[in-house]
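Notes follow once the structure below has been shown.
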Amino acid sequence: MPRETIQIPRRIESLSILPYEGELDTELEPKIPDNDLRRLYKTMLSSRKFDERCLLLQRIGKIGTYGPTKGQEAASLGPMYAIGNDDWFVPSFRETAAMLWRGWPMSKILLWWGGNEIGASPPEGVNDLPICVPVASQCQYAMGIAWGCKLRQDGAVCVAFVGDGGTSEGDFHEALNFAAVYQAPLVMVVQNNQWAISIPRERQTRSKTIAQKAIAYGMDGFQVDGNDILAMIVATQEAVEKARNGGGPTLIEAQTYRLGMHTTADDPTKYRSEEEVKKWEPRDPLPRFRKYLKSKKLLDDKVEKVIEEEIDGLLEQAIAEYDQYEKDPYYMFKGMYAEMTPALRRQMAELREYVEGGESSEKPRGSYSRVL
Amino acid sequence: MPRETIQIPRRIESLSILPYEGELDTELEPKIPDNDLRRLYKTMLSSRKFDERCLLLQRIGKIGTYGPTKGQEAASLGPMYAIGNDDWFVPSFRETAAMLWRGWPMSKILLWWGGNEIGASPPEGVNDLPICVPVASQCQYAMGIAWGCKLRQDGAVCVAFVGDGGTSEGDFHEALNFAAVYQAPLVMVVQNNQWAISIPRERQTRSKTIAQKAIAYGMDGFQVDGNDILAMIVATQEAVEKARNGGGPTLIEAQTYRLGMHTTADDPTKYRSEEEVKKWEPRDPLPRFRKYLKSKKLLDDKVEKVIEEEIDGLLEQAIAEYDQYEKDPYYMFKGMYAEMTPALRRQMAELREYVEGGESSEKPRGSYSRVL
Amino acid sequence: MAELTMVQALNLAMKEAMREDPNVLMLGQDVGQDEGVFRVTEGLLREFGPQRCIDTPLAEAAIIGGAIGLCYKGFRPICELQFDGFSYQAFHQIEGHARRARTRTMGRYTCPLVVRIPYGGGIRAIEHHSEGPEATYAHLPGLHVVLPSGPRNARALLREAIFSPDPVIFFEPKALYRAFREEVPDEPETMPIGKARVAREGKDITLVSYGASLRQTMEAAEELLDEHDIDAEVIDLLSLSPLDDEMIQQSIRKTGRGVVIHESPRHCGVGAEVVARVVEESLLYLEAPIKRVTGFDTTIPFFANEMAYLPDAGRVVKAALETVRF
Amino acid sequence: MAELTMVQALNLAMKEAMREDPNVLMLGQDVGQDEGVFRVTEGLLREFGPQRCIDTPLAEAAIIGGAIGLCYKGFRPICELQFDGFSYQAFHQIEGHARRARTRTMGRYTCPLVVRIPYGGGIRAIEHHSEGPEATYAHLPGLHVVLPSGPRNARALLREAIFSPDPVIFFEPKALYRAFREEVPDEPETMPIGKARVAREGKDITLVSYGASLRQTMEAAEELLDEHDIDAEVIDLLSLSPLDDEMIQQSIRKTGRGVVIHESPRHCGVGAEVVARVVEESLLYLEAPIKRVTGFDTTIPFFANEMAYLPDAGRVVKAALETVRF
Ligand SMILES: Cc1ncc(C[n+]2csc(CCOP(=O)(O)OP(=O)(O)O)c2C)c(N)n1
Ligand SMILES: Cc1ncc(C[n+]2csc(CCOP(=O)(O)OP(=O)(O)O)c2C)c(N)n1
Ligand SMILES: [Mg+2]
Ligand SMILES: [Mg+2]
């Protein structure tokens, strides 16, 4: 004092590796085994194809409202490469690519969008949470999980996702503040896809970047080209390593773009221009990654064809599994508590008697039995 | 890109003018008319004396739990000098000095701490909100008020207060984000008194300063010596001027210290050292301001005596008014809606019959009538 | 007279109010350019501009908290929360401030805001999009809780809510948004908040319902008459706070029997309050227990099973028959 | 056997649980060094260290939301929210996640957390410090809502809550924190959640209550016997979700008369649910309307007038007399 500028001892950096024009920055290029690169590509493509299929399934009424993830595959997939199965993955709702990488069966994801709780039940073998609908509310339990990792000293970290819109919610703020106070091993990835339904990024918050919000919590921030899977991997690896070594949380802003509609209930032409979408198309993470693999001779037409066919097979299989799933109207009672309460037992009997006719003389009926 | 440090185009500055050791920085010294300086001093002293008296009144059970403001008078009073009656003042609960400046009768403040709604009813002539108990929740309506000023284009600004602990709440975050997005004329003063009950500032948040939290919202931040009334005035005047000219909100961190207990229900010796308190005592805003006034020959023993006596008189009068206040057990029904609902009318009659005996044969009774 | 859906009727009520009173504002996520996720705010941005139809960032508590501040500046904000399940994000602002402003400041400040919340199931929506929080809000003193059942009363009640001097939580049964049309008069209509209506006169049993469940209730009444010769009176509450218990008492005193129907959970729900009021004033008129046909005391299941949760006409008929045959 | 206040009994229950199970954590504002604003966490930091008795920053939703995450990591967190009126800040995390974790993940993740909330009036506290939110939580499926009435049951129920596989909202009647002492056995006791108890046997009328109001209810029962020769049975609910309606039915079937007493608002409160359950199962046993003696449908007034709001023994007696003389 008396009047001085305050120096903020925090790094806010930006990162991009894979070009969509121009040359690859080989200095920054991570060393990733060929097999892994292929696996990543296959997952990305699966996600894209799954997405396309879901739009069709929604149109014919086989699933409900669907939120596509086209264009954002790298932003969620890259971070998954940086963690192991013992680490924790907390999605928002646009992380299909990440879920596929983690081993979520496509049928499960379909079942979620088809209105079945089983779709929110994570597969064994990974520490994943299901899709989370209330925007940014997942930040809080992600923080709690990371805090728990720290308390358990088990070396695990938690990678969590939220949207640019989600950064406006109080939950985002409280969670990052706690994470920093406890130096919890949390990597919070903001999928900044430039839109929150119809609200553009610039009207969501006035900060120049989302990465700089890290300064509020005394943590590092990273603005990454979210359509560049290599950059996403590198940034997350750095953040994960720091977190594992007790260096606390990191905020990663993945700059990406939602190429599709918000959900199938949305009409994006109401609020954004074709030109804007066109502007982002060349940055689509899938062709960029494909180009990279081709330049490394890891992909050719033949291999691509094999992969595509394999994915198509998986898709058909997933849909068949989806179709076979037998829903249970009584699950709502049975799944509520570890042990059903007397009231729930009574209410379940009430419903059973109604739907199945019970001993009463009334004929079995009900709108539910009609949709069964 | 590819890898760069991001430049944040926002000023985070610190300010201090009035020394507690050493020399006054005359270059930064604001020009404040002598009369105003005296009025400010008188208000600060009133606040201090009121505070002391409240502790006594609490001890003899005349008022309930009380939250003292000793040591923080400059932090709330300074900003008030920067605004007019048409501007808006949104307190938290440690702004007694500010409230006195704005014309809140001492009796009203007493009535608030004595458990009467009238104490939350702001005096006519100023646009003030009452004391707010749920920490940081006031940030939201303060933002709304500022937003309203902008929509009305009436040139008014809103100065609001919150504690360092309050910055952890989601409400703080959401409100500042909205204020920045709408460029609302909001000046948010954080009274960083280093403690939130027993939680020290460093365990409340990991950011080096609270002022830097402004960066998250793309606004300017100001860390001010909150025990320096001149610095508080200057910083707020700048922020107010910017806000009035459409420059949007500012976050001011007033670095101050709670010299007393959190409330009369609190025992600070459980969590903080005597030495720490001792360290802050020399920075007490009252003697610092007194020294300044004396150096300017605006205060001498005689004037001080006159002021003290005047304040003592006001205090006695306030207590007399407080004692005379007639509480109304039926206000809860009458004050609920613009018009009482049928249920409330019935319930009021129910209570009346019970307390006053009504037409029933039962003798009038009830624990309420015993405390009336 | 125009034939309108509920979405159109609500839209009309807002336009009318905004035309009449420049203090009426509309705010919420996607209410401007996008015209609301249900298109209830269609045309508002175009007609009233971005100063009066305001798109907000994504933070429910800030929408409500900000609106409270706007009230203090003399505005009458209408807030749209996108779905029932996200109203809880703003709950502390409603509980802690909106509902208390008048009482605590002894009338110096008031909160004439409207919180519009699309509520309820039946539209095959994902998690958190099919909740029934009405009892939660009805339990909070200082609010009015209004819940229309058709385009015409929706329009009249929304107008009333907008100009109400006190905060109104306005639940919109999203399953009815476009379910049917109704004739709506050209001139603005109002309906007092706190008054129920007899949706169907009858003499044998009283069916008390509101909102989306009213449709199933009316269907049940038809079936009761057609198939069982039971003439049911149907009461449409319209307002859950205040509750028009006078109309309920009158009807029950006439029929001696009742069933309450709603789709939110039973435990501590609005149905219980209806029963308790009837017991307090009209016990001796009761010829059978009042049954509650409601959502079960479970989270509403994901949508594949939601029809098993939502009361349908059959469940209402069954309960009514048991009540009549008691 | 030791004579403990409720504060001491709660403290004991936590210590016992934390000694037995290293997964039990305590978190909240000022629960560590300061030992809680009501001193319920006394000695926990000393005995269990800052990894298990954790002071948090000031954000209720983060305390609950963080605890949910800790549950996923296998911990059993006990969260202290400082006052009833600030539980709403965390409401969306409780509603949206804690109560849904088991159902939506089909048991893969569960939330065995306890949210301790001091509730109710009568301690001359400032605004937002005397609220009664129990019905609000009881209405949410997936939670257990427990509300003890004395040191001994508080200790047993808190133990049960801590080891419960599902989330428990544990309301502590702060007016009773130090109001009286009770003998508490040396060994840990448990009591099943969901069971009420007969606090006093009687035959003429059933008084149903819980928590802080139980004292006034017991006082009223004494007075009814002493001054009016009316022998009241008193039922102490202890758990509001699940509700032990079997015990209520039994008592009402015996006495034919009832009054429900609680201090939170009447409209859509727990009292209504009690009445509705009785009507459903035991209508024909009722010889008089069940009255509700409750807080009024107003915000609890600032404390100078709170005694006019809170039910006292006299209001209970009056209602009981009217019920008996009906
Ligand atoms: C708390 C909450 N409020 C509102 C919604 C409705 N909603 C769903 S997605 C969405 C926009 C989210 O934007 P962003 O966080 O940027 O994620 P994106 O959809 O772009 O992936 C909104 C408003 C919600 N799900 N949760
Ligand atoms: C939402 C909420 N949570 C908890 C409390 C209880 N409480 C009252 S003051 C306080 C500490 C506030 O700290 P700070 O914001 O720094 O303000 P200070 O008391 O230091 O002035 C707490 C936790 C409250 N009033 N509101
Ligand atoms: Mg987005
Ligand atoms: Mg503080």
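Note on naming: letters A, B, ... go to the chains in the order of the sequence lines (proteins, then strands), and numbering restarts at 1 for each one. No hydrogens, no waters, no symmetry mates; every other heavy atom, side chains included, goes into these values.
Most heavy-atom pairs under 4.5 Å with chain D, from the set B/G67, B/G165, B/G163: that is B/G165. Looking only at heavy-atom pairs under 4.5 Å with chain D, the residue among B/T65, B/I197, B/L111 that has the most is B/I197. Heavy-atom pairs under 4.5 Å with chain D were tallied for B/C132, B/G114, B/G119; the largest tally goes to B/G114. Of all the listed residues (B/G170, B/A343, B/S198, B/A196), the one sharing the greatest number of non-hydrogen pairs under 4.5 Å with chain D is B/S198. Heavy-atom pairs under 4.5 Å with chain D were tallied for B/Y271, B/F172, B/Y330; the largest tally goes to B/Y271.
Residue contact with chain B, scored on non-hydrogen atoms closer than 4.5 Å, is absent for D/H267. Both the backbone and the side chain of D/F296 come within contact range of chain B, judged by heavy atoms closer than 4.5 Å. Only the side chain of B/D266 comes within contact range of chain D, judged by heavy atoms closer than 4.5 Å. Contact annotation for B/I118: neither backbone nor side-chain heavy atoms come within less than 4.5 Å of a heavy atom of chain D. Residue contact with chain D, scored on non-hydrogen atoms closer than 4.5 Å, involves the side chain of B/L344 exclusively. Contact annotation for D/E60: both backbone and side-chain heavy atoms come within less than 4.5 Å of a heavy atom of chain B.
Of the charged side-chain nitrogens involved, at least one lies within less than 4.0 Å of a carboxylate oxygen, so that D/E35 and D/R46 count as a salt-bridged pair. Under 4.0 Å is where a charged nitrogen must lie from a carboxylate oxygen, and between D/K15 and D/E47 no such pair does. Between D/K318 and D/E322, at least one side-chain nitrogen of the basic residue sits less than 4.0 Å from a carboxylate oxygen of the acidic one, meeting the salt-bridge criterion. Under a 4.0 Å N-O distance rule, the pair B/E350/D/K291 does not qualify as a salt bridge.
In this structure, B/F93 and B/H262 have perpendicular ring planes: the angle between them is above 60°, well past the 30° mark.
The contact list for residues 331-340 of chain B toward chain D, using heavy atoms and a distance under 4.5 Å, reads B/M332, B/F333, B/M336 by residue number.
Judged by distance alone, the side chains of D/T41 and D/E80 never bring a donor and an acceptor atom under 3.5 Å apart. Donor-acceptor pairing under 3.5 Å is recorded for the side chains of B/Q204 and B/S168.
By the 6.0 Å and 45° rule, B/R94 does not stack over the aromatic ring of B/F161.
A donor-acceptor pair is defined here as one N or O able to donate and one able to accept, closer than 3.5 Å; no such pair exists between the side chain of B/H173 and the backbone of B/D171. With hydrogens and angles ignored, the 3.5 Å screen pairs a side-chain donor or acceptor of B/Y322 with a backbone N or O of B/K62.
A heavy-atom distance below 4.5 Å is not found between the side chains of B/L57 and B/W113.
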